[in-house]
K.L.:
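Have a look at the structure that comes next, please.
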Amino acid sequence: MSTPDDRSAEGRGHLNRSRPNEGTMMEGYNFAYLDEATKRMIRRAILKAVAIPGHQIPFGAREMPLPYGWGTGGIQVTASILGPADTLKVIDQGSDDTTNAISIRRFFRRVAGVATTERTAEASVIQTRHRIPERTLREDQIMVYQVPQPEPLFKLEPRRAETKRLHALADYGLMHVRLYEDIARLGHIAKAYDYPVMVNGRYLMSPSPIPAFDNPKMHRMAALQLFGAGREKRIYAIPPYTEVRSLDFEDHPFRPIRAPHACAFCGSTDTYLDEVITDDAGGRMFVCSDTDFCTERQDAAASREAAE
Amino acid sequence: MTMLTAGFADPVLDAQACFRAVLEAMSRPGRIQRAGSALTPPAPLNQAAAAVLLALADADTPLWLDAGAEAEAWLRFHCGAPVAAAAGAAAFALATAAPPALAALDQGTEEEPQRGATLVLQVEALEEGEGWHLTGPGIEREHRLRVTGAPAGFVAAWAANRAGLPCGVDVILCAGDRLAALPRSVMIAEG
Amino acid sequence: MYVAVKGGERAISAAHAWLEETRRGDPAVPELTIAQIEQQMPLAVDRVMAEGSCHDRFLAALAIKQAKGDLIEAAFLLRAYRTTLPRFGASEPLDTTRMRLRRRISATYKDLPGGQVLGPTFDYTHRLLDFALAAEGEDRAVAPEMPAPAAEVPRVTELLAREGLMQREALAEEEPGDLTRQPLAFPAERPVRLQNLARGDEGFLLALGYSTQRGYGNAHPFVGEIRVGHVTVEFTPPELGFPIELGEIGITECQMVNQFKGSRTEPAQFTRGYGLVFGHGERRAMAMSLVDRGLRARELGEDITAPAQDEEFVLYHSDNIEATGFVEHLKLPHYVDFQSELENLRSIRRTAEAALPEAAE
């Protein structure tokens, strides 16, 4: 039925497949990889997500050329919002140089030909896995979070038909009980990451597996925050300046966790730190997880020294 | 039958630009955006409403409209959206004159509030910094928006719409090539 | 002095080059051609088409070559390609009574219209390694010509239905859902369930189907019929209004006959478990029909007690592209969350240790 010869890009009936900077971009694929009908479907879901802060919108996630669980939800959201004027930053674990961040950045350079950056300040769209940058984000920036598991209740109730009902009723007793059990057993809430939040006082939401340290940054952030879960086929959002509260109790307020050290490179004492093992004799050091922020601080310190 | 005027000059990039304008508008209710297209849609369609529908409507979104046969033919051709017989069955409702009651549009359900319709509402003019006081998600303190040609009783109808949260209707106001959005979460007080 | 790891870009490029080298293997050994894979590994091609959800033997064979023979990876390559293709619409329903049969067997009757056609099957082979195959260039025995099949072969389940003993399936009026375009929602309709199973992981379907035979679920299955062969695909372009032939595809269909005790509204009768897959995939079609029958528990008013009857469990975990992605994503860096856990655990231990001396006093 088919031979290799019928499969040129034209033969496949693709519309709108030739774009301006064709030279640098992958041939045979649409701008930003997704076809236009898929982008429209995702865009409609994003708009409803913004209108209903914290509510998970099911969407017809497509297979992407990267594996499920490796950021396909974030990639589809980014691909649907990205335009030629955007500058994209991709981080994984706070760093631009982790292999998956590099792979995703490469993907968008190939399929959308957009400018990329490692500087948080220069980016208009920031796709992230597991961190929020330390630098305060602005109104002209959009955060896109990769989400492995959008359902905050999944460990307590694996059935989606049931969690959907609980969200409709805003019945989050299960989660309160779970957190209270921690307090009773351990003296405090033992959730260190993917710490559940209430959005706009209505929906319980997973912030994605960011460390609880990052949760307060979500509260009334100036930038729009979009969340994409590809395998679980859900999109949700937090509009700018929206109330985001980490769940807690009056007598046990939310406490962000970080290693109680200073960064070995830039000396920062209020950023999230990675622990690096330096030898097999208990040697370790702590360095900023946000590599761009750390580099900026080191550069600033160096130029201060030079000026003195 | 007259020739149809063209759709987006660049279907990929124009749709992206228009979507980003709508996203920005929906994220910051009351802030005015430009739909950014050089469309020449048939009357009574204005540029912004035409661009919004070209960017977002398609075969998967039933469309209700009051814009007459010529505009309908134009939208059918360029979007491929099926025309809904009743406003309540539409994903997008386009009102170029007095719109159907917000309560007559699809509100979604408690489990699936995202099914609530989007009303694309053409008005005479939009102006920032005066008029309505808007508060809610997307707004740091307060946004002001003057809507010239808003339907009579809109602010009261909006309060009723907002009382149904998370169900309800989202509105995109279009004037010329400018647009502003009212997501269901926004509160409006008369200015 | 520790230096932050850099050079990920170079590492990725090098990894890709090494991957390519190991894919090719020893260059002294002749390279596999796509035609060789297509012709000599047809069942691997069939499985990749089924799980890749795309009927194209050439592309499936190419994917197998590119994936170094990892069939899940190959199915993933095919899926990622499939998803970029424009969608023209849905074909007319396949008419499997008019299949060009290569194999057709029934376990429920000794003989029946259309006959038992054994066809090319591993059944009744003795599983002894054939060392003669290791000697290349050997001429193999020529198979006898296959008898010309009947133009129309009635289905076993239809024979039972005419007697009123087999539950008839309701004819759907609307176009079935498509989970490649809409996400799963529950309760899931049968067409969507079948679509999910048809492209589900063969190992998962096999284990679940097997579990229904071992008491996890209420199965009493008989193979009404398995048919393997080719069927014509027709499509009605809206501008024409009548169906045109697109070509033929290879498929395997299994209809499993199951007892049903009856309910308040339905008399005791047989019910059907259905399996239909791309290519020659009997194991897959049979397992699918067992699981399909298991998932009908809700609509038939049976107790839901076993995994194979639980539609959320089955449908959310059947897809090996999703499953492999999420299982394997654990090898991505997770050190930020792990650091949070470390600090958390240290803090718990500190609290506990601080409490100890008091307890000792």
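Since this is a predicted model, take the numbers as computed values, not measurements.
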K.L.:
If the test is side-chain contact (heavy atoms from CB on, under 4.5 Å), which one of C:Thr351, C:Ile348, C:Asn344 qualifies with A:Leu186?
P.N.:
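The single option meeting the side-chain contact (heavy atoms from CB on, under 4.5 Å) with A:Leu186 is C:Ile348.
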K.L.:
Short question: side chain of A:Arg129, backbone of C:Pro333 - any donor-acceptor pair under 3.5 Å?
P.N.:
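Yes, because the side chain of A:Arg129 sits within donor-acceptor range (under 3.5 Å) of the backbone of C:Pro333.
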K.L.:
Check side chain to side chain contact (heavy atoms under 4.5 Å, CB included) between C:Ala60 and all other residues, then give those that pass, not counting sequence neighbours.
P.N.:
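Partners of C:Ala60 under the side chain to side chain contact (heavy atoms under 4.5 Å, CB included) test: C:Val45, C:Val48, C:Met49, C:Leu78.
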K.L.:
With a 4.5 angstrom heavy-atom cut-off, which part of C:Arg346 approaches chain A: side chain, backbone, both or neither?
P.N.:
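The side chain, not the backbone.
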K.L.:
Test your reading of the model: is there a side-chain donor-acceptor pair from A:Gln93 to the backbone of C:Val336, 3.5 Å cut-off?
P.N.:
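It does hold such a pair.
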K.L.:
Counting C-beta onward and ignoring hydrogens, is there a side-chain heavy-atom pair between A:Arg258 and C:Glu343 closer than 4.5 Å?
P.N.:
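No, too far: nothing below the 4.5 Å cut-off.
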K.L.:
Need one label for C:Asp310: side chain, backbone, both or neither, based on atoms under 4.5 Å from any heavy atom in chain A.
P.N.:
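When you check distances to chain A, only side chain atoms of C:Asp310 fall under 4.5 Å.
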K.L.:
I need the C:Ile12 CD1 to A:Ile102 CD1 distance, nearest 0.5 Å.
P.N.:
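The CD1 atom of A:Ile102 is 4.5 Å from CD1 of C:Ile12, to the nearest 0.5 Å.
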K.L.:
Atom OG1 in A:Thr98, atom CG in C:Leu332: separation rounded to 0.5 Å?
P.N.:
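Result: 9.0 Å between the selected atoms.
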K.L.:
Highest number of heavy-atom pairs under 4.5 Å with chain C: which of A:Ala259, A:Pro58, A:Ala161?
P.N.:
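The residue among A:Ala259, A:Pro58, A:Ala161 with the greatest pair count is A:Ala259.
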K.L.:
Please flag which part of A:Tyr195 lies under 4.5 Å from any non-hydrogen atom of chain C: side chain, backbone, both or neither.
P.N.:
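Contact with chain C is absent: no heavy atom of A:Tyr195 under 4.5 Å.
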K.L.:
For residues A:His130 and C:Ser340, determine if any side-chain heavy atom of one lies less than 4.5 Å from a side-chain heavy atom of the other.
P.N.:
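Not touching, per the 4.5 Å side-chain cut-off.
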K.L.:
Going by heavy atoms in the side chains, are A:Glu232 and C:Phe326 under 4.5 Å from each other?
P.N.:
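In short, these two side chains do not touch, never coming nearer than 4.5 Å.
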K.L.:
Does any heavy atom of chain C fall under 4.5 Å from the side chain of A:Arg131, the backbone, both, or neither of them?
P.N.:
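Interface part for A:Arg131: side chain.
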K.L.:
Can you tell me which portion of C:Leu342 sits under 4.5 Å from chain A's heavy atoms? Options are side chain, backbone, both or neither.
P.N.:
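Looking at C:Leu342, just its side chain touches chain A.
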K.L.:
Distance from A:Asn30 atom CG to C:Thr84 atom OG1, nearest 0.5 Å?
P.N.:
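The CG atom of A:Asn30 sits 10.0 Å away from the OG1 atom of C:Thr84.
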K.L.:
Indicate yes or no: does C:Arg199 engage A:Glu63 in a salt bridge with an N to O separation below 4.0 Å.
P.N.:
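Salt bridge between C:Arg199 and A:Glu63, a charged N being under 4.0 Å from a carboxylate O: yes.
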K.L.:
Should C:Lys331 and A:Trp70 be marked as a side chain to side chain contact (heavy atoms under 4.5 Å, CB included) after you check the CA-CA gap, both sets of side-chain angles, and the distance that decides it?
P.N.:
CA-CA 10 Å; C:Lys331 61 193 166 187; A:Trp70 298 50; 3.8 Å; yes
K.L.:
Any side-chain heavy atom of C:Arg181 within less than 4.5 Å of one from A:Met41?
P.N.:
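The answer is no; the side chains never approach within 4.5 Å.
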K.L.:
Is A:Tyr272 close to chain C through its backbone or its side chain, or both, or neither, when contacts mean heavy atoms under 4.5 Å?
P.N.:
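Contact with chain C: side chain only.
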K.L.:
Looking at C:Phe338, I'd like to know if its CZ atom is crowded, meaning that more than 12 non-hydrogen atoms belonging to other residues, nucleotides or ligands lie closer than 6.0 Å.
P.N.:
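At most 12 heavy atoms, drawn from other residues, nucleotides or ligands, come within 6.0 Å of this atom.
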K.L.:
Examine whether an atom of A:Arg185 lies under 4.5 Å from a heavy atom of chain C, and if so say whether it belongs to the side chain, the backbone or both; otherwise answer neither.
P.N.:
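A:Arg185 has no heavy atom closer than 4.5 Å to chain C.
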K.L.:
Starting at CG of A:Asp35, measure out to CG of C:Leu85 and round the result to the nearest 0.5 Å.
P.N.:
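Reported value, rounded in 0.5 Å steps: 9.5 Å.
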K.L.:
Quick one: do A:Lys164 and C:Phe186 satisfy side chain to side chain contact (heavy atoms under 4.5 Å, CB included)? Show the steps, please.
P.N.:
CA-CA 10 Å; A:Lys164 195 171 162 186; C:Phe186 294 95; over 6 Å; no
K.L.:
Around atom CZ of A:Arg159, are there more than 12 heavy atoms from other residues, nucleotides or ligands closer than 6.0 Å?
P.N.:
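Counting other residues, nucleotides and ligands, CZ of A:Arg159 stays at 12 neighbours or fewer.
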K.L.:
Any side-chain to backbone donor/acceptor pair from C:Arg79 onto A:Pro65? Under 3.5 Å, distance only.
P.N.:
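Not confirmed, C:Arg79 side chain does not pair with A:Pro65 backbone.
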K.L.:
By a 4.5 Å heavy-atom criterion (distance strictly below it), what part of A:Thr99 contacts chain C: side chain, backbone, both, or neither?
P.N.:
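For A:Thr99, backbone and side chain are both near chain C.
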K.L.:
Using a 4.5 angstrom heavy-atom cutoff, name the option from A:Arg106, A:Arg234, A:Arg231, A:Lys233 with the most pairs to chain C.
P.N.:
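Top option by heavy-atom pairs under 4.5 Å: A:Arg231.
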K.L.:
For the atom pair NE2 (C:His329) and OG1 (A:Thr72), what is the distance rounded to the nearest 0.5 Å?
P.N.:
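Reported value, rounded in 0.5 Å steps: 11.0 Å.
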K.L.:
C:Ser347 and A:His188: side chain to side chain contact (heavy atoms under 4.5 Å, CB included), yes or no, with the steps?
P.N.:
CA-CA 10 Å; C:Ser347 140; A:His188 61 90; 3.4 Å; yes
